[in-house]
Amino acid sequence: MTESTYRIQGATGEWEVVIGLEVHAQITTQAKLFSGAATAFGAEPNTQVSLVDAAMPGMLPVPNRECIRQAVRTGMAINAQINKYSRFDRKNYFYADLPQGYQISQLYHPIVGEGQIEISLDDKNPEADVKTIGIERIHVEQDAGKLMHDQHPTRSYVDLNRSGVALMEIVSRPDMRSPAEAGAYLSKLRTILRYVGSCDGNMDQGSMRADVNVSVRKPGEEFGTRTETKNVNSVRFVMQAIEHEANRQIDVLESGGKIVQETRLFDPDSGTTRSMRSKEDAHDYRYFPDPDLLPLELDDAFLAECRASLPELPDAKRHRYEKELGLSPYNAGVLTADADTARWFETLIAASAAKQGKAEGDVAKAAANWLLSELFGALNKLGKELGDSPVSPEAAAELLALVGDGTISGSIAKQVLEKMLETGDGAAAIVEREGLKQTSDTGAIEAAVAKILADNADKVEQYKAGKEALFGFFVGQTMKAMQGKANPQMVNELLKKMLS
Ligand code: ADP
Ligand code: MG
C-alpha cells in the first residue's frame with residue numbers, strides 16, 4: 001500500500017500521522033468473565049449483578065471457560081501466537097464504578113501475542129492494495145460498572161450490570177498512517193470478530209470501542225509523543241478524532257509548543273478532542289498477579305477444538321468467491337464484508353444451483369449482481385436490512401430460476417421482486433397470476449417491431465445514415481410496446497434483421 005498518500009500540509013512542511021488503536025471488544029457470552037451473572041444488553045440497572053461482580057468480601061472469581069475460548073479463537077483468526085501460559089493481574093485504582101478497587105486484567109502474560117490484520121483502501125480491488133497492520137497482543141480483562149449523573153437534583157447512580165463483563169483488549173502496533181487506514185482497520189477487525197462470533201461488534205451499544213493513539217512527525221523522523229483519545233465508539237468518530245487530533249498537534253508543534261502525553265476525550269457533537277488528564281497525574285496501578293486465580297494453562301486438545309471451530313474467515317472467503325465463483329473483486333469484497341450477507345448469498349447460490357440443475361459457479365455471478373443491485377436496492381427503499389428481508393434466499397432462487405430459463409426477462413424480474421416484497425407470494429405464482437411470462441412468439445414480436453419502425457420513420461433514416469446509437473431506442477420502444485414481456489434476444493435479432 002502506498003504510504004505517501006496521506007500527508008497534512010503545515011506551515012513548516014508536510015506532516016505524517018502515526019496511529020495505534022487499543023480496541024475493547026466485549027466477548028459474546030451468556031455469563032461474565034468470573035461469575036455466572038448474565039450479560040444481556042439493555043437490562044434494568046443492577047439486575048445482572050452477582051456477589052462476585054458487586055465485590056462482596058470473600059467472593060472468589062472463577063474463570064469462564066467460554067470467554068477464554070473466544071479470546072483464543074479470536075487470536076487464531078488474526079494469525080496470532082497463542083500463549084499456552086497466561087496469567088491474570090490486578091490493576092489497582094479507586095473509582096465508584098469499580099467496587100473491587102481493582103480490575104482483573106493481564107499485563108505481564110497476555111493470552112494472545114503477536115498477530116496481524118490485512119487491510120485495503122481499494123474497494124474496487126481489495127487485493128491490489130493490501131497493507132498489514134501488526135497486532136501486539138490481545139488480553140482478557142473485566143469491564144467496570146457505569147456511573148449515571150442526574151442534574152436535577154444533582155445525584156449520581158451506579159449500574160453494575162457491566163461490572164465483570166469479559167472484554168478482549170486488542171492492541172495494534174502504531175502501523176496506521178491515515179484516518180482512512182484506521183477506519184479500514186477497525187472495520188476489518190469488526191468483520192473478523194463477527195465472523196468468529198467472539199464479539200457482536202455493535203459499537204453503538206458499547207460492545208466495541210477504541211482508544212485512539214495519535215502522534216505526528218515529519219516523514220522519516222522518529223515517532224513523536226502521542227496522545228490517547230479514550231472510548232471512541234464509531235468508525236466515523238475514530239476517523240474524526242484522528243483528523244482533529246493530528247491537526248491540533250501540528251498547530252501546537254508549529255507554534256513552538258510541545259505535545260504532552262495525555263488522555264483525551266472525543267466530543268462527537270463538535271468532532272474535537274479535549275484533555276482529560278495528563279500522564280503526570282496518571283495512576284500507578286501497582287499491578288500484581290491476582291492471588292485468587294491460578295495461571296491459565298491451555299492444553300493441545302483445547303487449542304485444537306478452538307481451531308477446528310473457526311469458520312471460513314473473510315479474506316479466505318473473498319478469495320474463494322473470486323477464484324471459484326468468478327465474482328469481481330468488488331462484489332466478492334462487499335459480499336464477504338459481513339458474515340450474515342455472505343451466509344445469505346451462499347444459501348441463495350446453493351438453492352439456485354439446485355433449482356437450475358447447475359453448478360454454484362454457474363449461477364453465482366448472476367445471483368451476486370441481483371443481490372447487490374436489485375434486492376439491496378429494493379430493501380433500501382423499504383428501509384429494511386437483508387436480515388429482515390421479507391424475501392428468503394430460497395424464494396429469491398425461484399425468481400432467479402425464472403430469469404435463468406427465460407420464463408421472464410430481467411426487467412420483469414424487477415416487477416416480480418416488488419410484488420414478492422409486497423405480498424410475500426412466490427415468484428412463479430406472481431408470474432402466473434399477472435401473466436408476466438416472457439413471449440418468444442416471433443409473430444407478435446415482429447408485429448411490434450414493424451409498428452415501431454413505421455411510427456419512427458425519421459429515426460430509421462438517421463439510423464441507416466449511421467446513427468447506430470438509435471438501436472437502443474428501438475429496443476426500448478419494442479420492449480415497452482410488449483410490456484416488457486418480449487424475449488430481449490429475439491427483439492435484438494428481429495430488429496437487426498428488419499433494419500438491415
Ligand atoms: P502503553 O504501555 O503506555 O499503553 P503501548 O506501547 O502499549 O503504550 O502502546 C499503546 C498504544 O499506543 C498501541 O496501540 C500503540 O500502537 C500506540 N502507540 C505507541 N506509540 C505511539 C506513537 N508514537 N504514536 C501513535 N501511537 C502509538
Ligand atoms: Mg496500553
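Order of appearance sets the numbers: ligands from 1, and atoms from 1 within every ligand. Note that these values count all heavy atoms, side chains included, but never hydrogens, waters or copies made by symmetry.
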Quiz prompt | Under-4.0 Å heavy-atom contact with ligand 1, by part of V18 that carries it | solution = both

Quiz item: Is the NZ or CZ atom of K91 both under 6.0 Å from the centre of the six-membered ring of Y287 and within 45° of that ring's axis?
Solution: no

Quiz prompt | Contact list for residues 329-341, test salt bridge (charged side-chain N to carboxylate O under 4.0 Å, His left out), sequence neighbours left out | solution = D340-R343

Quiz item: Is S215 close to ligand 1, meaning an N/O of one under 3.5 Å from an N/O of the other?
Solution: yes

Quiz item: Does any N/O atom on G224 come nearer than 3.5 Å to any N/O atom on ligand 1?
Solution: yes

Self-check item: K218 NZ: over 12 foreign heavy atoms closer than 6.0 Å
Solution: yes

Quiz item: Relative to atom 1 (P) of ligand 1, which among R226, E228, E22 owns the nearest non-hydrogen atom?
Solution: R226

Practice problem: Any pair with a residue in residues 293-306 that passes salt bridge (charged side-chain N to carboxylate O under 4.0 Å, His left out), sequence neighbours left out, goes on the list, sorted by first then second residue, please. | Solution: R69-E305, K84-D300

Practice problem: Kindly state whether the ring of F34 and the ring of F88 have centres lying under 6.0 angstrom apart. | Solution: yes

Self-check item: From the candidates N213, V171, D175, the one that places a heavy atom nearest atom 26 (N) of ligand 1
Solution: N213

Quiz item: Backbone or side chain, does any N or O of F223 fall under 3.5 Å from an N or O of ligand 1?
Solution: no

Quiz item: Against heavy atoms of L21, which atoms of ligand 1 measure under 4.0 Å?
Solution: 14 (O)

Practice problem: Answer yes if the ring centres of F345 and Y321 are under 6.0 angstrom apart, and no otherwise. | Solution: yes

Quiz item: In terms of atom number and element, which parts of ligand 1 are under 4.0 angstrom from non-hydrogen atoms of R173?
Solution: 16 (O)

